[in-house]
Amino acid sequence: QVSESLLLVRGCVASFTIGKVINEPTTAAISARSDGTYNVQKIMEALDGGGHFSAAAVEKKSTEPEELKKELLQRRKNMKVILLKDVKNVGKKDEVKEVSDGYARNFLIKNKMAVAYTKGSVKVLDHQLEEKKLHEEDLKKQAEKIAEELKTTPVEFMLNTGKDGQAFGSVSSKQIAEALNKKGIIVDKRKIHMDIPVSSIGTTRVKVDLYKGQIIGEIVVQVRPKG
(Lines give C-alpha, C1' and ligand atoms only; values in the text may rest on other atoms or scores of the structure.)
Protein backbone atom coordinates (compact mmCIF):
# COMPACT_ATOMS: atom_id res chain seq x y z
CA GLN A 1 0.00 0.00 0.00
CA VAL A 2 2.84 2.39 0.80
CA SER A 3 4.47 1.78 -2.60
CA GLU A 4 1.17 2.36 -4.37
CA SER A 5 0.57 5.55 -2.42
CA LEU A 6 3.99 6.89 -3.38
CA LEU A 7 3.03 6.62 -7.04
CA LEU A 8 0.53 9.43 -6.41
CA VAL A 9 3.48 11.79 -5.97
CA ARG A 10 3.76 13.90 -9.10
CA GLY A 11 6.52 12.68 -11.43
CA CYS A 12 6.98 9.35 -9.63
CA VAL A 13 7.12 6.45 -12.08
CA ALA A 14 8.29 3.76 -9.66
CA SER A 15 8.45 3.27 -5.89
CA PHE A 16 10.29 0.84 -3.65
CA THR A 17 9.32 0.23 -0.01
CA ILE A 18 11.92 -1.55 2.12
CA GLY A 19 11.39 -3.00 5.57
CA LYS A 20 11.27 -6.09 7.74
CA VAL A 21 8.69 -8.83 7.25
CA ILE A 22 6.09 -9.00 10.03
CA ASN A 23 6.74 -11.90 12.41
CA GLU A 24 10.07 -12.55 10.67
CA PRO A 25 12.54 -10.08 12.20
CA THR A 26 15.55 -11.48 10.34
CA THR A 27 13.92 -11.17 6.92
CA ALA A 28 14.05 -7.96 4.87
CA ALA A 29 11.75 -7.27 1.94
CA ILE A 30 11.14 -4.83 -0.90
CA SER A 31 7.74 -4.04 -2.37
CA ALA A 32 8.03 -2.41 -5.79
CA ARG A 33 5.36 -0.67 -7.87
CA SER A 34 5.39 1.37 -11.06
CA ASP A 35 2.94 3.38 -13.13
CA GLY A 36 3.28 0.91 -16.01
CA THR A 37 6.11 2.71 -17.79
CA TYR A 38 8.94 1.30 -15.64
CA ASN A 39 9.77 -2.41 -15.34
CA VAL A 40 10.19 -3.13 -11.63
CA GLN A 41 9.94 -6.87 -12.30
CA LYS A 42 13.42 -7.00 -13.84
CA ILE A 43 14.96 -5.23 -10.86
CA MET A 44 13.27 -7.57 -8.39
CA GLU A 45 14.26 -10.64 -10.42
CA ALA A 46 17.86 -9.43 -10.39
CA LEU A 47 17.57 -9.56 -6.60
CA ASP A 48 16.13 -13.12 -6.85
CA GLY A 49 12.58 -11.93 -6.38
CA GLY A 50 9.73 -11.81 -8.89
CA GLY A 51 6.37 -10.42 -9.85
CA HIS A 52 4.98 -8.54 -12.82
CA PHE A 53 6.01 -5.54 -14.93
CA SER A 54 4.46 -2.96 -12.60
CA ALA A 55 4.20 -4.93 -9.35
CA ALA A 56 7.00 -7.05 -7.90
CA ALA A 57 8.73 -7.93 -4.65
CA VAL A 58 11.61 -9.76 -3.01
CA GLU A 59 12.30 -11.22 0.43
CA LYS A 60 15.73 -12.10 1.80
CA LYS A 61 16.37 -13.99 4.99
CA SER A 62 19.21 -13.08 7.37
CA THR A 63 19.34 -9.63 5.76
CA GLU A 64 18.88 -6.17 7.25
CA PRO A 65 16.75 -3.59 5.36
CA GLU A 66 19.81 -1.32 4.98
CA GLU A 67 21.74 -4.13 3.29
CA LEU A 68 18.86 -4.74 0.91
CA LYS A 69 18.65 -1.03 0.19
CA LYS A 70 22.34 -0.93 -0.81
CA GLU A 71 21.83 -3.93 -3.06
CA LEU A 72 18.80 -2.29 -4.67
CA LEU A 73 20.70 0.93 -5.36
CA GLN A 74 23.55 -1.07 -6.87
CA ARG A 75 21.16 -3.02 -9.12
CA ARG A 76 19.68 0.23 -10.37
CA LYS A 77 23.11 1.29 -11.54
CA ASN A 78 24.16 -2.11 -12.81
CA MET A 79 22.36 -4.83 -14.67
CA LYS A 80 22.85 -8.58 -14.93
CA VAL A 81 22.91 -9.98 -18.46
CA ILE A 82 23.42 -13.34 -20.12
CA LEU A 83 25.88 -13.10 -22.98
CA LEU A 84 24.68 -14.50 -26.31
CA LYS A 85 28.19 -14.43 -27.78
CA ASP A 86 31.79 -13.79 -26.74
CA VAL A 87 32.29 -10.09 -25.92
CA LYS A 88 35.82 -8.75 -25.57
CA ASN A 89 36.68 -7.56 -22.05
CA VAL A 90 33.25 -8.69 -20.80
CA GLY A 91 32.98 -12.46 -21.01
CA LYS A 92 32.19 -15.52 -23.06
CA LYS A 93 28.95 -16.82 -24.54
CA ASP A 94 26.43 -18.11 -21.96
CA GLU A 95 28.20 -16.40 -19.04
CA VAL A 96 26.23 -14.23 -16.61
CA LYS A 97 27.82 -10.81 -16.18
CA GLU A 98 26.96 -7.63 -14.33
CA VAL A 99 27.55 -4.44 -16.32
CA SER A 100 26.34 -0.86 -16.19
CA ASP A 101 22.67 -0.44 -17.03
CA GLY A 102 23.40 1.92 -19.92
CA TYR A 103 26.03 -0.35 -21.48
CA ALA A 104 23.68 -3.32 -21.16
CA ARG A 105 20.64 -1.66 -22.71
CA ASN A 106 22.27 0.66 -25.25
CA PHE A 107 24.95 -1.69 -26.55
CA LEU A 108 24.80 -5.35 -25.51
CA ILE A 109 21.05 -5.90 -25.67
CA LYS A 110 20.51 -3.48 -28.54
CA ASN A 111 23.08 -5.34 -30.66
CA LYS A 112 21.72 -8.75 -29.67
CA MET A 113 24.92 -9.61 -27.83
CA ALA A 114 23.11 -10.26 -24.55
CA VAL A 115 19.71 -10.57 -22.91
CA ALA A 116 18.59 -9.30 -19.54
CA TYR A 117 19.05 -11.71 -16.63
CA THR A 118 15.55 -12.72 -15.60
CA LYS A 119 13.96 -15.91 -14.27
CA GLY A 120 12.73 -16.62 -17.79
CA SER A 121 16.08 -16.11 -19.51
CA VAL A 122 17.86 -18.14 -16.80
CA LYS A 123 15.50 -21.07 -17.43
CA VAL A 124 16.27 -20.87 -21.15
CA LEU A 125 20.01 -20.70 -20.42
CA ASP A 126 19.85 -23.67 -18.05
CA HIS A 127 18.02 -25.68 -20.70
CA GLN A 128 20.55 -24.73 -23.37
CA LEU A 129 23.50 -25.57 -21.12
CA GLU A 130 21.96 -28.95 -20.29
CA GLU A 131 21.50 -29.69 -23.99
CA LYS A 132 25.07 -28.59 -24.65
CA LYS A 133 26.31 -30.85 -21.84
CA LEU A 134 24.45 -33.85 -23.28
CA HIS A 135 25.77 -33.05 -26.75
CA GLU A 136 29.35 -32.86 -25.46
CA GLU A 137 28.91 -36.17 -23.64
CA ASP A 138 27.69 -37.72 -26.90
CA LEU A 139 30.68 -36.33 -28.81
CA LYS A 140 33.04 -37.73 -26.16
CA LYS A 141 31.46 -41.17 -26.39
CA GLN A 142 31.76 -41.08 -30.18
CA ALA A 143 35.44 -40.12 -29.86
CA GLU A 144 36.08 -43.01 -27.47
CA LYS A 145 34.42 -45.38 -29.94
CA ILE A 146 36.56 -44.08 -32.82
CA ALA A 147 39.71 -44.44 -30.71
CA GLU A 148 38.89 -48.13 -30.22
CA GLU A 149 38.10 -48.63 -33.92
CA LEU A 150 41.42 -47.10 -34.94
CA LYS A 151 43.28 -49.80 -33.01
CA THR A 152 42.03 -52.45 -35.43
CA THR A 153 41.67 -50.37 -38.59
CA PRO A 154 45.03 -49.68 -40.26
CA VAL A 155 45.21 -47.66 -43.47
CA GLU A 156 47.49 -48.82 -46.28
CA PHE A 157 49.32 -46.90 -48.98
CA MET A 158 51.69 -47.81 -51.80
CA LEU A 159 54.76 -45.73 -52.70
CA ASN A 160 57.37 -46.09 -55.43
CA THR A 161 60.84 -46.99 -54.19
CA GLY A 162 64.36 -46.85 -55.59
CA LYS A 163 66.90 -49.66 -55.78
CA ASP A 164 68.05 -48.85 -52.27
CA GLY A 165 64.50 -49.15 -50.94
CA GLN A 166 64.14 -45.40 -50.45
CA ALA A 167 60.50 -44.32 -50.94
CA PHE A 168 59.56 -41.63 -53.44
CA GLY A 169 56.66 -39.43 -52.37
CA SER A 170 54.80 -39.32 -49.09
CA VAL A 171 51.43 -39.75 -47.39
CA SER A 172 49.68 -36.61 -46.13
CA SER A 173 47.16 -36.13 -43.32
CA LYS A 174 44.52 -35.45 -45.98
CA GLN A 175 45.18 -38.84 -47.59
CA ILE A 176 45.03 -40.57 -44.21
CA ALA A 177 41.71 -38.90 -43.35
CA GLU A 178 40.28 -39.85 -46.76
CA ALA A 179 41.43 -43.47 -46.36
CA LEU A 180 39.76 -43.69 -42.95
CA ASN A 181 36.62 -42.08 -44.35
CA LYS A 182 36.35 -44.90 -46.91
CA LYS A 183 36.44 -47.36 -44.00
CA GLY A 184 33.61 -45.51 -42.27
CA ILE A 185 35.74 -43.64 -39.71
CA ILE A 186 35.49 -39.86 -39.83
CA VAL A 187 38.39 -37.80 -38.47
CA ASP A 188 39.36 -34.18 -39.03
CA LYS A 189 42.58 -34.03 -41.05
CA ARG A 190 43.52 -30.87 -39.12
CA LYS A 191 43.50 -32.89 -35.89
CA ILE A 192 46.01 -35.45 -37.16
CA HIS A 193 49.36 -34.70 -35.50
CA MET A 194 52.01 -34.84 -38.21
CA ASP A 195 55.02 -32.56 -38.32
CA ILE A 196 55.92 -33.99 -41.73
CA PRO A 197 54.11 -36.41 -44.09
CA VAL A 198 54.77 -40.15 -43.74
CA SER A 199 57.53 -40.97 -46.24
CA SER A 200 59.06 -44.26 -45.11
CA ILE A 201 58.20 -47.85 -45.94
CA GLY A 202 56.78 -49.83 -43.04
CA THR A 203 54.39 -49.04 -40.21
CA THR A 204 54.03 -45.56 -38.70
CA ARG A 205 51.72 -44.67 -35.83
CA VAL A 206 50.18 -41.22 -36.01
CA LYS A 207 48.31 -39.43 -33.21
CA VAL A 208 44.93 -37.79 -33.79
CA ASP A 209 43.00 -35.52 -31.43
CA LEU A 210 39.48 -36.92 -31.32
CA TYR A 211 38.02 -34.75 -28.56
CA LYS A 212 39.46 -31.46 -27.32
CA GLY A 213 42.83 -32.91 -26.36
CA GLN A 214 41.15 -35.26 -23.88
CA ILE A 215 40.85 -38.29 -26.16
CA ILE A 216 43.81 -39.02 -28.41
CA GLY A 217 43.59 -41.84 -30.94
CA GLU A 218 46.38 -43.61 -32.78
CA ILE A 219 46.21 -44.27 -36.52
CA VAL A 220 48.22 -47.17 -37.88
CA VAL A 221 49.66 -46.17 -41.27
CA GLN A 222 51.15 -49.00 -43.30
CA VAL A 223 53.25 -48.05 -46.33
CA ARG A 224 54.29 -50.72 -48.81
CA PRO A 225 56.52 -50.50 -51.89
CA LYS A 226 54.82 -50.64 -55.28
CA GLY A 227 55.48 -53.61 -57.53
Side-chain angles (χ1 to χ4, degrees), residues 1-139 212:
Q1 291 181 342
V2 174
S3 295
E4 290 176 355
S5 298
L6 289 171
L7 288 176
L8 298 176
V9 176
R10 186 175 181 181
C12 179
V13 296
S15 63
F16 300 87
T17 305
I18 306 173
K20 287 188 175 182
V21 177
I22 297 175
N23 298 325
E24 293 186 41
T26 61
T27 300
I30 299 177
S31 173
R33 297 292 185 273
S34 82
D35 63 355
T37 64
Y38 191 87
N39 190 346
V40 293
Q41 178 187 0
K42 283 188 176 180
I43 295 178
M44 292 299 97
E45 287 184 349
L47 293 170
D48 298 322
H52 304 285
F53 188 95
S54 58
V58 63
E59 290 186 4
K60 287 202 172 185
K61 294 182 178 180
S62 302
T63 303
E64 290 295 323
E66 191 61 31
E67 293 175 46
L68 199 52
K69 176 184 175 182
K70 289 179 181 179
E71 196 170 344
L72 171 63
L73 293 173
Q74 185 64 28
R75 295 297 180 187
R76 291 185 63 198
K77 295 177 183 177
N78 293 341
M79 180 178 181
K80 270 187 177 182
V81 296
I82 300 172
L83 298 178
L84 299 178
K85 58 179 68 176
D86 292 356
V87 180
K88 188 177 181 181
N89 298 325
V90 178
K92 296 187 176 296
K93 182 179 182 296
D94 293 333
E95 286 186 343
V96 176
K97 293 292 180 179
E98 189 169 314
V99 298
S100 68
D101 187 87
Y103 179 65
R105 298 182 188 281
N106 300 327
F107 181 73
L108 295 178
I109 296 175
K110 182 179 180 181
N111 292 300
K112 301 185 185 305
M113 300 170 78
V115 293
Y117 179 96
T118 64
K119 286 186 176 179
S121 61
V122 169
K123 284 183 179 178
V124 172
L125 175 63
D126 288 344
H127 178 67
Q128 291 175 339
L129 291 178
E130 182 60 25
E131 285 190 331
K132 183 179 179 181
K133 178 184 176 182
L134 293 174
H135 178 63
E136 290 298 323
E137 288 176 354
D138 186 50
L139 289 178
K212 300 182 177 182

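The first residue of the sequence shown is numbered 1, and numbering continues consecutively from there. On a predicted model such as this, the values are computed, not experimentally measured, just so you know. Values below: every heavy atom of this structure, side chains too, minus hydrogens, waters and symmetry copies.
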Side-chain heavy atoms of K42 within contact of T118, under 4.5 Å: yes

Under the rule for salt bridge (Lys or Arg N to Asp or Glu O under 4.0 Å), what residues qualify as partners of K69, not counting sequence neighbours? none

To the nearest 0.5 angstrom, please state how far the OG1 atom of T63 sits from the NZ atom of K70. 12.5 Å

To the nearest 0.5 Å, what is the distance between CG on L6 and CZ on R33? 11.0 Å

Tell me, please, which residues at least two apart from K60 pass side-chain hydrogen bond (donor to acceptor under 3.5 Å, both in side chains). E71

Look up atom CG in L68 and atom CD in E59, then write down how far apart they are to the nearest 0.5 Å. 10.0 Å

Rounded to the nearest 0.5 Å, how far apart are CG of L7 and OG of S34? 7.0 Å

Hey, does H127 have a side-chain heavy atom less than 4.5 Å from the side chain of V124? no

Under 4.5 Å between any side-chain heavy atoms of L47 and K80, yes or no? no

Between E45 and G50 the two heavy atoms that sit nearest each other are CG-CA, 4.1 Å

Closest approach of A56 and Q41, non-hydrogen atoms and distance? CB-CA, 3.8 Å

Within this structure, what is the CD1-CG distance for the pair I30 and L72, rounded to the nearest 0.5 Å? 4.5 Å

Nearest heavy-atom approach of G19 to P65 is C-CG, 4.0 Å

Qualifying residues under side-chain hydrogen bond (donor to acceptor under 3.5 Å, both in side chains), relative to N106, sequence neighbours excluded: none

Looking at S5 and S3, would you say the former's side chain and the latter's main chain have a donor-acceptor pair under 3.5 Å? no

Residues at least two apart in sequence or cross-chain that pass ring pair (Phe, Tyr, Trp, His ring centres under 6.0 Å) with Y103, listed by chain then number, are F107

Counting only pairs under 3.5 Å, give me each side-chain donor-acceptor contact of residues 22-29, with atom names and distances, residues two or more places apart or in other chains.
| from | atom 1 | to | atom 2 | distance (Å) |
| --- | --- | --- | --- | --- |
| E24 | OE1 | T27 | OG1 | 3.3 |

For a 4.5 angstrom cut-off between non-hydrogen side-chain atoms, does V40 reach F16? yes

Side-chain donor-acceptor pairs under 3.5 Å in residues 81-95, sequence neighbours left out?
| from | atom 1 | to | atom 2 | distance (Å) |
| --- | --- | --- | --- | --- |
| D86 | OD1 | K93 | N | 2.8 |
| E95 | OE1 | K92 | N | 2.9 |

Answer with yes or no whether the side chains of T17 and S31 bring together a donor and an acceptor at under 3.5 Å. no

